[in-house]
Amino acid sequence: MNIGLPSVQVFVLIVFSSVFSLFVNGVRTDGIPLLAKELDVADNIEITVDEPQLLAITLEQAIDLYKKGTVFIDAREPEYFTDGHIMGAWNIPFFFELTFKLDSLQGKDSPIVLYCSADECGSSEDLAYELQAEGFTNLYVFKGGWTEWSENGHPIGP
Amino acid sequence: MISLKQRSVLVLFSRIVLGVVLIAASIDKILHPEAFAKIIGNYNVLPFGLENIVAIILPILELFVGCCLIFGVMLDGSAVITAGMMCVFIIALSQAMIRGIDINCGCFKVSVENGGSHIGFRRIVEDIIFLGLALFILNRGKRKWELYPKT
């Protein structure tokens, strides 16, 4: 192998970085799994307080929860929220304020639905993990989000 | 026309600038792999949960390549990898902007609260400049101030 060749150098650098980084990830305490895990999709929604759950839900399941008066949280930036959102949803950019309001109004074990723009956005899932870390136990991420909800003519507005 | 010596100095300057940028960009990502994986996931360009493995390898690659550029180790390979990374970043940023998804850039800092930025036109321009520097290093001609391999 002629190390003077750019292609050989690219190969050496990539292989060395890969091996080294995988080793470091393996030994560090906050290493991450090699493949990201998608959220499990809820089969049926049973509100339990026995074990914490964070699941993805479909439009039908979201409607079901909506009809039961579940709190919906809009995880998008406020300007998107102002343009349109699921009727009655909350949009509280300050995490502390959000957890305080949720905790004082309904406690940590009541169901919460989170959504953002559509399948492609990640903010609802990020916020769900943050809430889970704060001790909230019944978290549902409505993956279809604002796009699926509004396109299917469900209640929107202030 | 600039002289050969001036050109060598310019090449060294480009190497240091690009090297420092790459190292600076890698540190926060190395410290917070989970947050960086989520950012890559938000770009929605990688299938099958591959964002984690990219979040593990990419920052270390940036760090190594940055060091190699500064110290003149395997400079051709380092410049090719840098140019490749910049092309990928430019495409990822552009497609996210075209699709109108507002996400954290994940360019230098993994969290916006911590001084990071959202994606934007400025980031793309920066990456185009870095791409230019990498190509300039690749076409440097005379080899000077390089540690390995000696020619």
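Letters A, B, ... are given to chains in the order of the sequence lines, protein chains preceding strands, and every chain is numbered from 1. Values below: all heavy atoms of this structure, side chains included; hydrogens, waters and symmetry mates excluded.
- The distance from atom CZ of A/Arg28 to atom CG of B/Leu31, rounded to the nearest 0.5 Å, is 7.0 Å.
- Here CG of B/Leu63 is found 8.0 Å from CZ of A/Phe20. Values are rounded to the nearest 0.5 Å.
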* To do: Please assess B/Val73 against A/Gln9 for the test side-chain contact (heavy atoms from CB on, under 4.5 Å), listing each intermediate value before the final yes or no.
  => CA-CA 9 Å; B/Val73 176; A/Gln9 294 179 0; over 6 Å; no
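- Neither the backbone nor the side chain of A/Phe11 comes within contact range of chain B; no heavy atom of the residue lies under 4.5 Å from a heavy atom of that chain.
- The environment of B/Phe13 atom CZ is sparse: at most 12 non-hydrogen atoms of other residues, nucleotides or ligands sit within 6.0 angstrom.
- How far CG of B/Leu58 is from OG of A/Ser21: 9.5 Å, rounded to the nearest 0.5 Å.
- Using a 4.5 Å cut-off between heavy atoms, B/Ile40 makes no contact with chain A at all.
- A 6.0 Å sphere centred on CZ of B/Phe71 holds no more than 12 heavy atoms belonging to other residues, nucleotides or ligands.
- Linking Ile, Leu, Val, Met, Phe, Trp and Tyr residues whenever their side-chain heavy atoms come within less than 4.5 Å places A/Met87 and A/Tyr115 in a single cluster.
- Distance alone, capped at 3.5 Å, places no donor-acceptor pair between the A/Asn25 side chain and the B/Ile56 backbone.
- A distance of 7.0 Å separates CG in B/Leu61 from CG in A/Leu13, rounded to the nearest 0.5 Å.
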* Asked: What's the verdict on side-chain contact (heavy atoms from CB on, under 4.5 Å) for A/Leu35 and B/Asn52, showing C-alpha distance, side-chain angles and the deciding distance?
  -> CA-CA 5 Å; A/Leu35 291 178; B/Asn52 275 25; 5.7 Å; no
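- When all heavy atoms of A/Ile32 and B/Ala55 are compared, the pair lying nearest together is CD1-CB, 4.4 Å.
- For chain B, no part of A/Glu125 is nearby; none of its heavy atoms comes within less than 4.5 Å.
- The minimum heavy-atom distance linking B/Pro149 with A/Ile3 is given by the pair CB-CG2, 3.9 Å.
- With a threshold of 4.5 angstrom between heavy atoms, B/Leu75 approaches chain A through N, CA, C or O but not through any side-chain atom.
- Expressed to the nearest 0.5 Å, how far CG of B/Asp76 lies from OG of A/Ser7 amounts to 10.0 Å.
- With a threshold of 4.5 angstrom between heavy atoms, B/Tyr43 does not approach chain A through any atom at all.
- Of all the listed residues (B/Ile39, B/Val54, B/Ile30, B/Val65), the one sharing the greatest number of non-hydrogen pairs under 4.5 Å with chain A is B/Ile30.
- Between B/Met74 and A/Val12, the shortest heavy-atom contact is CE-CG1, 4.0 Å.
- The contact between B/Glu34 and chain A is made by backbone and side chain atoms together, counting heavy-atom distances below 4.5 Å.
- Here B/Gly49 is the residue among B/Gly49, B/Cys68, B/Pro59 with the most heavy-atom pairs under 4.5 Å with chain A.
- Interatomic distance, B/Ile60 CD1 to A/Ser17 OG, rounded to the nearest 0.5 Å: 7.5 Å.
- For a residue to count as touching a neighbouring chain, one of its non-hydrogen atoms must lie under 4.5 Å from one of that chain's; by this rule A/Leu5 does not touch chain B.
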